[in-house]
**Student:** 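Sharing a structure here in structure tokens format.
Sequence lines set the chain letters: A, B, ... in the order given, protein chains first and strands last, and positions in each chain run from 1.
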Amino acid sequence: MKQSKWGMVVDLDKCNGCQACVVACQSENNIPLQKKSDYDENRVIQWIRVERYWEGSFPDVKAKFIPIMCQHCDEAPCEPVCPVYASYHNNEGLNVQVYNRCIGTRFCANNCPYQVRFFNFWEAEWPDSLKNQLNPDVTVRSRGIMEKCTFCVQKIRRTKRDAKVNGFEIEDGAREINPACVNSCNTEALIFGDMNNPESKISRIKAKEEKKDGRGYHLMEHYGTSPNVLYLKKVDNSKKSHSH
Amino acid sequence: MQEHQQLSDSEITEDLTAPVIRSARWFWSFVGSLGFIMLVGISGYIYELYSGLGVTGVQRPVYWGAYITNFVFWIGISHAGIMVSAILRLTQAEWKRPITRAAEVLTLFSLIAALSNILFHVGRPWRIYWITPLPPIFIGFDFARGIWPNVRSPFVWDPVAVGTYLLSTILFVYTCLIPDIALVRDKVKSGPAKIVYSILALGFRGTPRQWKVQATAPILLSALVLPIFVSVHSIVSWDFAVSIAVEGWHSTIFAPYFIIGAIHSGVSGVVTLMAGLLWLYKLDKYIKPDHFDAIGRLLVVVATIWFFALFLEWIYALYPLEDPEIALRNMQVSQPPWSYLFIVFLLTGFFIPVSAWLFKSVRRNPMWMFFTTILVNIGMWLERFLIIVPGLSRRTELSFNWGSYAPSLVEIGLVAFTFAFVICGIIVFARIFPLIPPFDIKEGMRFRHVIKIGKKNISAVVRE
């Protein structure tokens, strides 16, 4: 079987900023409940977050949403600075965080231009009513270590193993392998898939949108991180008439 | 330059071993109050260990704060020892004699203080040894992880550089200490102290061969230590300079800029220490205004080079006209509280002390030198703070993530701990070993001569 290279496409034209992806991610990945104090202290853990920007002045204001998660960069700046190889690149193009190895220098977080690495300032806690909801496939991270989006690597691993044992082919875009955020996206703004498979939806979108007049761009490309998340820019009809 | 005052050997021995033989009146109260500050700091650390790093002020965009600032600061101070000791030893500057050991001891304790900051800083300090390549014999003890540390990471370069520096400093201090330990051994009457000194003196009897080895070793060590001296702060600066994602840090001038800044703060630290010792131990016979004058001139040169490097750093940063960089620099100079800190930094780090040092009367006055050099180190602490924190507060395109930072009480307590630790360490060291090397002073007295040129008597140094 050919080696996969996982990637994601975020279609900003379809994103309505509903934050379903954020909630899905919190529950899939055992992220502790974020209290008001966490927001006040600027210590929120959100593996995917929806950033909201206002554009224009008062009567003609537009909200623009951009979901930002780990970009799984091919040249990830967080990897070389980790002294203990807690952050490394696996052979499926994923930028992986090994919680057991992390000693919490927070160097990776400083070196991430996207600010998608999160530090556990406190011990993770859940109310008793939510303890049975924890995902058994995902480690609960202790305090003092970094964590971040994994593209739900536990789902990828489980599906691949199931496919091997039961002898079926993994469908492109199957719900079993899609990260929680992709499954929860009601407008299909997030598309996940294998970029090494030329037939997959993501490969076709990439081929179309990465062309010169396509909508595709990578976030903060000038850092040379070559991310595996492709953003498709918003189509603004109001500006169509005098486009440049 | 120096006034000539010949002192007899017995007088020197008597004066300089006095603090070792009996403790001064202020000793216990001084050490006690420093110990109290340290205790407060340590209890803060226990609280931090128990509840997690949430008790510090670091937050999402600014993941490094006062601890790393303090780490860089103490590494900077530690450059004093080698600057004064090794460079002045190699250049045979005669005025170095009374201050070398104080400078080396300052290096020793400030390095330990710097390393303790790493423990305060990391999330899981009980796993800190994972950054060292441990041999596989430790398998089974939860020591070896079966994985080599990532040698691309500056946090692996750091312990290598700082560890080498610490080891060579210990060697340096100890090598220069042996004749004086022997002297104290002979002065102490009996008891356990005598046994300890006898062991530490390594059987030094003052035979010609022993003196020859003893005189050669520090010179060789100085030459060996100088490359380390350059590498240590370069590597510390690369902790910042290799980060591509932080505009204020990603700069190629950081290594020389940090080294010269370290010399600036380190030599200032030595002057503060000299003036403090002069006052505490009444060393007027040994530490003269001449010494302050000489080191003051050195400081003017160092400070000016450092200021030029600071200027260049700004020029290099602004030259590409990148938006995040301009936003960051704009924030540093025009947005409170950074703008106030920036003004304090410029005044205390350069303008007030350097303009004061231009006057001979200031340079020759220990009290003035004491306060101006303390100002320098306030400025240099702020310099590191202003590099680290505003740099991290992310003035990038994603303005959603902008943030700020203010140190918490625990952090302030632990910063105070490091200061108390270094002062206390030096004072306790001075209680155990002579802080002004008697043998070095005596050697200086042997070399001293007065040469008559015309009608003028000029003190000079005669070497074989």
**Student:** Do you know the tightest heavy-atom contact between B:Tyr63 and A:Phe118?
**Tutor:**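 Taking every non-hydrogen atom into account, OH-CA, 3.5 Å.
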**Student:** Counting only non-hydrogen atoms closer than 4.5 Å, does B:Trp157 touch chain A with its backbone (N, CA, C, O), its side chain (CB onward), both, or neither?
**Tutor:**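 Nothing of B:Trp157, per the 4.5 Å heavy-atom cut-off to chain A.
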**Student:** Restricting to non-hydrogen atoms, name the atom on A:Pro113 and the atom on B:Ala245 that form the minimum distance, rounded to 0.1 Å.
**Tutor:**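 Scanning both residues completely, I find the closest heavy atoms to be N-CB, 3.5 Å.
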**Student:** Heavy-atom distances under 4.5 Å only: say whether A:Ile45 touches chain B with side chain, backbone, both or neither.
**Tutor:**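 It is neither, since no heavy atom gets under 4.5 Å.
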**Student:** What residue in B:Gln59, B:Arg152, B:Arg124 has the most heavy-atom pairs under 4.5 Å with chain A?
**Tutor:**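 The answer is B:Arg124.
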**Student:** Counting only non-hydrogen atoms closer than 4.5 Å, can you tell me which residues of residues 6-42 of chain A sit against chain B?
**Tutor:**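 So the qualifying residues are A:Glu41, A:Asn42.
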**Student:** Could you check whether the rings of A:Phe107 and B:Phe155 sit parallel, tilted or perpendicular, using 30° and 60° as the cut-offs?
**Tutor:**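 Rings of A:Phe107 and B:Phe155: tilted, 30 to 60°.
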**Student:** Can you check whether B:Leu53 reaches A:Arg106 side chain to side chain, under 4.5 Å on heavy atoms?
**Tutor:**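 With C-beta onward as the side chain, the pair touches.
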**Student:** Assess whether atom CD of A:Glu188 is packed by more than 12 heavy atoms of other residues, nucleotides or ligands within 6.0 Å.
**Tutor:**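 At most 12 heavy atoms, drawn from other residues, nucleotides or ligands, come within 6.0 Å of this atom.
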**Student:** Quick check: are there more than 12 heavy atoms from other residues, nucleotides or ligands sitting under 6.0 Å from OH of A:Tyr217?
**Tutor:**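 For A:Tyr217, atom OH is crowded (more than 12 foreign heavy atoms under 6.0 Å).
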**Student:** Using every non-hydrogen atom in the two residues, find where A:Cys82 and B:Asn150 come nearest and quote the distance to one decimal.
**Tutor:**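 Looks like O-ND2, 2.8 Å.
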**Student:** Kindly indicate whether the side chain of B:Leu398, heavy atoms from C-beta on, has any atom under 4.5 Å from the side chain of A:Tyr53.
**Tutor:**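 B:Leu398 reaches A:Tyr53 side chain to side chain.
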**Student:** Picking from B:Val55, B:Ile128, B:Val151, which has the most non-hydrogen pairs under 4.5 angstrom with chain A?
**Tutor:**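 Max contact count across the listed options: B:Val55.
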**Student:** Answer whether the closest heavy-atom distance between the side chains of A:Thr225 and B:Ile244 falls below 4.5 Å.
**Tutor:**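 Of all side-chain heavy-atom pairs linking B:Ile244 with A:Thr225, at least one is under 4.5 Å.
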**Student:** For A:Val50, is it the side chain, the backbone, both, or neither that has a heavy atom closer than 4.5 Å to a heavy atom of chain B?
**Tutor:**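 The answer is the backbone of A:Val50.
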**Student:** Examine distances only and state if a side-chain atom of B:Arg127 and a backbone atom of A:Gly104 form a donor-acceptor pair shorter than 3.5 Å.
**Tutor:**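 Not a single qualifying donor-acceptor pair exists.
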**Student:** So, taking the atom named CD in A:Gln115 and the one named OG1 in B:Thr396, what distance separates them when rounded to the nearest 0.5 Å?
**Tutor:**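 Going from CD on A:Gln115 over to OG1 on B:Thr396, the span is 7.5 Å.
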**Student:** Which bit of B:Ile388 comes within less than 4.5 Å of chain A, counting heavy atoms only: side chain, backbone, both or neither?
**Tutor:**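 For B:Ile388, no heavy atom lies under 4.5 Å from chain A.
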**Student:** Out of B:Asp239, B:Asp158, B:Ile118, B:Val242, return the one with the most heavy atom pairs under 4.5 angstrom to chain A.
**Tutor:**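 Option with the top pair count is B:Asp239.
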**Student:** Let's test your reading of the structure: which of B:Pro61, B:Ser51, B:Gly54, B:Gly52 forms the most heavy-atom pairs below 4.5 Å with chain A?
**Tutor:**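 When all of B:Pro61, B:Ser51, B:Gly54, B:Gly52 are compared, B:Gly54 has the most.
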**Student:** Is B:Val58 close to A:Phe119 at the side-chain level, that is, under 4.5 Å between some pair of heavy atoms?
**Tutor:**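 When only atoms from C-beta onward are counted, B:Val58 and A:Phe119 do not touch, as no gap falls below 4.5 Å.
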**Student:** About how many Å separate CG of A:Asn100 and CH2 of B:Trp130, when rounded to the nearest 0.5 Å?
**Tutor:**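 These two atoms lie 7.0 Å from each other.
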**Student:** Can you tell me which portion of A:Arg49 sits under 4.5 Å from chain B's heavy atoms? Options are side chain, backbone, both or neither.
**Tutor:**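 For A:Arg49, the side chain is the part near chain B, not the backbone.
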**Student:** Pull out the residues in residues 400-410 of chain B that come under 4.5 Å of chain A, heavy atom to heavy atom, sorted by number.
**Tutor:**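 Listed by number, the contacting residues are B:Phe400, B:Asn401, B:Trp402, B:Gly403.
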**Student:** For atom CG of B:Asp323, is the number of surrounding heavy atoms from other residues, nucleotides or ligands below 6.0 Å larger than 12?
**Tutor:**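 Check fails, neighbour count at 12 or below.
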**Student:** Chain A heavy atoms under 4.5 Å from B:Glu322: which part of the residue, side chain, backbone, both or neither?
**Tutor:**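 B:Glu322 has no heavy atom closer than 4.5 Å to chain A.
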